[in-house]
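All figures in this text were calculated on a predicted structure; none of them were measured in a lab. Just the heavy atoms: all of them, side chains too, but no hydrogens, waters or symmetry mates, feed the values below.
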Amino acid sequence: MMGFLIALGVLILVSIIWMVYRIQSLVSVVKGSDKKTATGSNKINAALFILFLLGAGGLMFWYSIKEFDNYTLPIASEHGVVTDKLFWITMAVTGVVFIITHILLFWFSYAYQYKEDKRASFYPDNNKLEIIWTLVPALVLTVLIVSGWKAWTDITAPAPENAHVVEVMGYQFAWEFRYPGKDNQLGSYDYRLINPSNSRGVDFTDKNSLDDFPSQKIVIPKGEPVLFKIRSRDVLHSVFAPHMRLKMDAVPGMPTRFWFVPTKTTAEMRAELQDEEFVYELACTEVCGGGHFSMRREIEVVEPAEYQKWMAEQQTFIEMDPELIADAPAEIKELAQIQIGE
C-alpha cells in the first residue's frame with residue numbers, strides 16, 4: 001500500500017511540474033515572445049495520428065471478421081430476414097460514412113500540422129457544398145426510416161386470424177406464460193385480482209379464461225404465425241428473442257404485441273449449429289432491478305403436429321386449482337365442469 005501511495009505521489013508531482021512548464025510556455029506566447037513555438041513533438045503527434053488510424057482501423061476490421069459468427073446469430077423467423085437486411089443496409093451506409101470521415105479527420109491532422117512557412121486559407125462558405133451535405137443525408141435517412149417504419153408496422157399490425165396466441169408477462173424477476181385453449185381466446189385479466197394463487201390476475205369469471213393454461217416454457221409451431229401478447233406486472237421489462245429478431249418492451253398498464261412466423265425448429269437449429277444443447281432464449285433487456293439476470297426462459301420450436309399433441313396434454317388453471325372459480329357465478333362453474341368433463 002505504501003509503495004502505491006509513493007508511486008501515486010511521484011506521478012502527481014511530475015504532472016504538476018509538467019503543467020507549470022506548459023503554463024509558462026503559453027504565457028510567453030501570449031506576451032508575444034519570439035521563442036520558437038513549433039517543436040519536434042508537433043511532427044511526432046502528427047505521425048501518431050496516422051499510426052493510430054492504421055492500427056485502430058486494422059484492429060477493427062480484424063476483430064469484425066474474426067468474431068462475425070459470434071455476433072451474427074442465425075435467423076429463425078420470416079421477418080428476421082427483413083430485419084437483418086435493414087440492419088446491414090444501415091451498417092453499410094453509416095459504416096462507409098464513418099470510415100471516410102475518420103480517414104479525412106486523421107489525414108487532415110497530419111497534412112495540416114503547424115508549419116512556420118504555411119498560412120491558413122480563408123474559406124468562408126460554399127453554398128453548393130452545404131446544399132449537397134444537407135440534402136444527401138436527408139434523402140438517405142428518409143429511405144432508411146421509411147423502410148424501418150414499414151417493417152415495424154408489419155410486425156406490430158394485427159396478427160393473422162389463425163395465429164397461435166401466447167401471453168408473455170414479466171415481473172421482478174421472471175416471466176410467466178399463458179396459453180388460450182381450443183377457443184384460441186385468452187381470458188381477460190385485472191391487476192386487482194392478483195393474489196398468491198392467481199399471480200397473473202386472470203379473471204376467471206370470463207368464460208374465455210376457463211380453458212387457459214400455464215406453461216414453464218414457450219412452445220410454438222414452425223411455419224405458423226405466433227402472436228405474443230406482452231405485458232408487465234410491475235416495472236418496465238423487455239421481451240428479447242435474438243434468433244427470432246424479436247424485441248418488444250413490456251410496459252406496465254400498456255399491453256404490447258409482436259407477431260412472427262418461426263422457420264426453424266429447435267432440432268433443426270441444433271443440427272445447423274452442431275450443438276445438441278442449443279435452446280432458443282427469451283431474455284429481458286431492460287435493467288429492471290437486482291434480479292434482472294435471472295429473467296431467462298426457453299423457447300422451443302416444434303413441428304405443427306408435435307405442437308398440437310403438446311397442447312392436448314396441458315392442464316388448465318381450473319384443472320390444477322378448482323378453487324380459482326370458487327366465487328364465480330354458477331354458469332361459469334357449470335361451463336368449467338363441462339370442459340373438464342370433456
Side-chain angles (χ1 to χ4, degrees), residues 60 63-64 66-77 79-80 82-84 86-88 90-91 94-95 98 141 144-145 148-149 151-156 165-179 186 189-196 198-202 214-220 226-260 262 266 269 273 275 277-301:
M60 179 191 73
Y63 182 82
S64 299
K66 178 179 179 294
E67 298 296 329
F68 183 81
D69 291 338
N70 290 331
Y71 63 76
T72 307
L73 300 179
I75 304 172
S77 69
H79 83 272
V82 177
T83 302
D84 268 25
L86 288 173
F87 172 79
W88 286 114
T90 304
M91 283 292 293
T94 57
F98 175 86
L141 287 174
L144 293 177
I145 290 170
W149 170 78
W152 176 256
T153 54
D154 287 343
I155 60 179
T156 56
V165 180
V166 183
E167 181 188 69
V168 180
M169 186 191 75
Y171 66 95
Q172 294 175 309
F173 294 99
W175 298 106
E176 288 192 358
F177 311 122
R178 178 166 64 117
Y179 283 78
L186 285 169
Y189 61 87
D190 190 326
Y191 74 92
R192 291 170 295 186
L193 298 175
I194 294 174
N195 58 47
N198 186 9
S199 60
R200 298 166 176 83
V202 179
S215 177
Q216 294 301 309
K217 64 180 179 180
I218 294 179
V219 180
I220 50 179
V226 176
L227 171 63
F228 279 5
K229 290 189 172 182
I230 301 167
R231 62 187 176 103
S232 172
R233 198 176 70 181
D234 39 42
V235 301
L236 188 68
H237 301 282
S238 187
V239 176
F240 180 51
H243 294 85
M244 310 297 174
R245 303 303 192 264
L246 186 162
K247 189 176 186 296
M248 179 64 71
D249 284 349
V251 185
M254 190 181 77
T256 53
R257 65 175 183 263
F258 192 117
W259 77 272
F260 62 102
T266 300
M269 187 61 80
L273 299 177
D275 181 3
E277 297 183 357
F278 169 83
V279 294
Y280 289 116
E281 177 186 44
L282 179 76
C284 177
T285 50
E286 291 288 345
V287 182
C288 54
H292 161 73
F293 65 91
S294 67
M295 295 190 66
R296 180 183 183 276
R297 286 295 185 91
E298 177 185 347
I299 300 176
E300 183 177 4
V301 182

Open item on the list: So which atom in L193 and which in N198 form the shortest heavy-atom distance, rounded to 0.1 Å?
Closed with: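 Result for this residue pair: O-ND2, 3.6 Å.
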- [ ] For K247, enumerate each residue passing the salt bridge (charged side-chain N to carboxylate O under 4.0 Å, His left out) test, keeping only those at least two apart in sequence or located in another chain.
- [x] none
TODO: Name all residues meeting the salt bridge (charged side-chain N to carboxylate O under 4.0 Å, His left out) criterion together with D154; count only those two or more places apart in sequence or in a different chain, and write none if there are none.
DONE: K150
Task: I218 side chain near V226 side chain, heavy-atom distance below 4.5 Å - done: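 SC-SC contact between I218 and V226 ruled out.
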Task: Side-chain heavy atoms of R245 within contact of V82, under 4.5 Å - done: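 Sidechains of V82 and R245: no contact.
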Inter-residue atom distance [X].[atom1] - [Y].[atom2], 0.5 Å rounding:
X	Y	atom1	atom2	answer
S232	E286	OG	CD	10.0 Å
H79	W152	NE2	CH2	10.0 Å
D249	L236	CG	CG	5.0 Å
E167	S215	CD	OG	12.5 Å
L246	I230	CG	CD1	6.0 Å
M244	T83	CE	OG1	13.0 Å

Task: Sole residue of K229, H237, R233 in side chain to side chain contact (heavy atoms under 4.5 Å, CB included) with M169 - done: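 The option that passes is R233.
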Task: F260 vs F228, ring-ring contact (aromatic ring centres under 6.0 Å, His included): CA-CA, chis, key distance, verdict - done: CA-CA 9 Å; F260 62 102; F228 279 5; 5.2 Å; yes
Open item on the list: For the residue pair R231 and Y189, would you count it as a cation-pi contact if the rule is NZ or CZ under 6.0 angstrom from the ring centre and within 45 degrees of the ring axis?
Closed with: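 Geometry flag: set, cation within 6.0 Å and 45°.
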